[in-house]
Engineer: 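This is the structure I want to talk about, given as structure tokens.
Just so you know, these numbers use all the heavy atoms, side chains as well, and skip hydrogens, waters and symmetry mates. All chains are named by letter (A, B, ...) in the order of the sequence lines, taking the proteins before the strands, and each is independently numbered beginning at 1.
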Amino acid sequence: MSAPRQIVTRFAPSPTGYLHIGGARTALFNWLYARHTGGIFRLRIEDTDRARSTPEAIDAILEGMAWLGLHHDGEVVYQFARAARHREVAEELLARGLAYRCYATHEELEAMRAEQKAAGKPMRYDGRWRDRTLDGPVPNVPPVVRLKAPQTGETVIEDAVQGQVVFRNDVLDDFVLLRGDGTPTYMLSVVVDDFDMGVTHIIRGDDHLTNSARQRQIIDAMGWPQPVYAHLPLLHGEDGAKLSKRHGALGIHEYRNLGYLPEAMRNYLLRLGWSHGDSETISTEQAIDWFNLESIGRSPARVDFKKLNNLNGFYMRAAADSDLATETEALLGRLGRPALTEHQRAQLLAAMPSLKDRAKTLIELIDNASFIFETRPLVPDDKAAKALSPEARARLARLTTALAETPWTAGEIEAAVRAFAEAEGAKLGDVAQPLRAALTGRTVSPPVFDVMATLGRAESLARIGDQAAA
RNA sequence: GCGCCCUUCGUCUAUCGGUUAGGACAGCAGCCUUUCACGUUGCAGAGGCGGGUUCGAUUCCCGCAGGGCGCGCCA
């Protein structure tokens, strides 16, 4: 038995766009596995595509991960900065005869593929420079370096999710390691970086499964140890089609502004492709405790906002009032809404118990808390206006008098209103609905007596007065 | 075209050959109730198709169909 190695996982996004939900899930799984095993979780930015990589995208990824609470260990590795080392490995392969220079031009290669396609043959590099030694003049083409890949036999990937996946070597071609300008390709860079970073487990999207075979060939050529692979099925949009901007491919930071809590996102993402019996609400602590590679599913999953909403509502209800109030205020700020006054901040906190019960997102909570943010005179919406019939307005006027001596707590107010309704020979609802309409301008709100307690005596009576008929 | 992967309620999933195929979200109905929500009770809802293997297949094997991914001097 070999000595137990510390497990090292990594998340390696390319900064050509924001961090989307699929990438976030991949990051989560890597993070969870590292935490579960007491290992290390590293972050590597694969910025070797100079044309498409942007600093904005790097920031978006870093911020997204920070928001989700997926903290990486050690320094962030920027792949482009390691190009010299990647080149060094290619040179070594070249020196050992495990790679070779190919002088084929783009045009030549394109023609080759077109021919193969027309002939119904698999499209792959035909190895035309594999055994050719350069005698005579050097073609005026900056050569690429290709791996001299095995042409017979099989390359086998033992995948922790997909099981054993076998590729016949004759379907894999001699792919490029170094471009004509001497820069390394992704295939080379990944392998070298993973080795140098000591990565033991590669958890990534399914779309890399075939790449694994090529990467394994490089690793074998270098005589390095093979990492454990775990390829996650891809995520699809709500309609089952590929994720696109229209559904679900939002940047992870947008979920933040949509009012979702990171713990809810983590729980939701975790259940997309991983399960633990019938467990649905899984705290991050439990997730770390339970997470394993064996329970990752093999079939693709769709994102479902309804379920995310449900989970988010659960975590909101479970959250501390003060934390939620802080988050709400921060979101208000990000939305460009006016800053809260001390008074409003206190009201928001006081109303939080009843507010958080009836919202699935912070955005919804803000909407439900509008009675705190709005100023008199309130403009009732259509339904509220309907509830404020002439009879109701007259009743509100009488209620004002009845409340004159009432101590201003939710309980006392409720008792007084109930007594008033009874005296009026009315049902409580007949009094409460117009009251709600007058206080909030809506027909739906937290319990009216809570609203009144939050608003305070003066403001409550003033709002009622605004709608009451003499 | 070639290769690889996948296939249980609308959605996410459980099931390690024998279950009335379970749970969750969503939906519908009831209860609770000052509205909404929460909570709670109930209803409806699934093994793609065809062959095998087996006393017995959702589960194992093969084929087909459907879906996905890959096949760049992108990552």
Engineer: Given B:C25, B:A75, B:A14, which nucleotide is nearest the side-chain atoms of A:Lys306?
Structural biologist: B:C25
Engineer: Check whether the ring centres of A:His201 and A:Tyr33 lie less than 6.0 Å apart, and answer yes or no.
Structural biologist: yes
Engineer: Please tabulate the protein-to-nucleotide N/O contacts below 3.5 Å involving nucleotides 38-44 of chain B, giving atom names and distances.
Structural biologist:
| residue | atom | partner | partner atom | Å |
| --- | --- | --- | --- | --- |
| B:C38 | OP1 | A:Lys360 | NZ | 3.2 |
| B:C38 | O3' | A:Arg317 | NH1 | 3.3 |

Engineer: May I ask you to verify whether the side chain of A:Arg358 and the base of B:C36 hold a donor-acceptor pair under 3.5 Å?
Structural biologist: yes
Engineer: Determine whether a donor-acceptor pair (one donor, one acceptor, N or O, separation below 3.5 Å) exists between the side chain of A:Asp304 and the base of B:A26.
Structural biologist: no
Engineer: Just grab all the salt bridge (Lys or Arg N to Asp or Glu O under 4.0 Å) pairs involving residues 428-444 of chain A, residues at least two apart or on different chains.
Structural biologist: A:Asp367-A:Arg442
Engineer: Below 3.5 Å is the cut-off: list the nitrogen or oxygen pairs between protein and nucleotides 5-8 of chain B, distance only.
Structural biologist:
| residue | atom | partner | partner atom | Å |
| --- | --- | --- | --- | --- |
| B:C5 | O3' | A:Gln162 | OE1 | 3.2 |
| B:C5 | O2' | A:Gln162 | OE1 | 3.2 |

Engineer: Taking any heavy-atom pair under 4.0 Å as a contact, classify A:Val448: base, sugar-phosphate, or nothing.
Structural biologist: base
Engineer: Select one nucleotide: of B:A75, B:G67, B:C25, the one nearest the side-chain heavy atoms of A:Lys307.
Structural biologist: B:C25
Engineer: Give one of base, sugar-phosphate or nothing for A:His276, where a contact means two heavy atoms less than 4.0 Å apart.
Structural biologist: nothing
Engineer: Under 4.5 Å between any side-chain heavy atoms of A:Tyr100 and A:Asp174, yes or no?
Structural biologist: yes
Engineer: Considering only side-chain heavy atoms of A:Arg124, which listed nucleotide, B:C73, B:G3, B:C2, is closest?
Structural biologist: B:C2
Engineer: Taking the side chain of A:His106 as its heavy atoms from C-beta onward, which of B:A75, B:G23, B:C73 lies nearest to it?
Structural biologist: B:C73
Engineer: Is any side-chain nitrogen or oxygen of A:Thr48 closer than 4.0 Å to OP1 or OP2 of B:A75?
Structural biologist: yes
Engineer: Assess whether a salt bridge exists between A:Asp194 and A:Arg44, defined as any Lys/Arg side-chain N lying under 4.0 Å from an Asp/Glu carboxylate O.
Structural biologist: yes
Engineer: So what does A:Glu46 hit on the nucleic acid, given a heavy-atom distance under 4.0 Å: a base, only sugar-phosphate, or nothing?
Structural biologist: sugar-phosphate
Engineer: Please list, by residue number, the residues of residues 260-275 of chain A whose heavy atoms come closer than 4.0 Å to an atom of RNA chain B; answer none if no residue qualifies.
Structural biologist: A:Arg271, A:Leu272, A:Gly273, A:Ser275
Engineer: Under 3.5 Å, is there any donor-acceptor pair linking the side chain of A:Asp207 to the base of B:G70?
Structural biologist: no
Engineer: Which side-chain N or O atoms in residues 87-94 of chain A pair as donor and acceptor under 3.5 Å with protein atoms at least two apart or in another chain?
Structural biologist:
| residue | atom | partner | partner atom | Å |
| --- | --- | --- | --- | --- |
| A:Arg87 | NE | A:Gly182 | O | 2.8 |
| A:Glu92 | OE2 | A:Arg96 | NH1 | 3.0 |

Engineer: Does A:Arg418 make a side-chain N or O approach to OP1 or OP2 of B:U34 shorter than 4.0 Å?
Structural biologist: yes
Engineer: Look at the side chain of A:Asn309 and the backbone N and O of A:Lys360, then say whether any donor-acceptor pair between them is shorter than 3.5 Å.
Structural biologist: no
Engineer: Would you indicate what A:Pro13 reaches in the nucleic acid, counting non-hydrogen atoms under 4.0 angstrom: base, sugar-phosphate, or nothing?
Structural biologist: nothing
Engineer: Any strand counts, and the cut-off is 3.5 Å on both contacts for Watson-Crick or G-U wobble. Which nucleotide pairs with B:C9?
Structural biologist: none
Engineer: Is the phosphate of B:C73 approached by A:Arg146 (side-chain N or O, under 4.0 Å from OP1 or OP2)?
Structural biologist: yes
Engineer: Quick check on B:C73: is either OP1 or OP2 less than 4.0 Å from any side-chain nitrogen or oxygen of A:Arg101?
Structural biologist: no
Engineer: For RNA chain B, which residues of residues 431-444 of chain A approach it to below 4.0 angstrom with any heavy atom?
Structural biologist: A:Ala432, A:Gln433, A:Arg436, A:Thr443, A:Val444
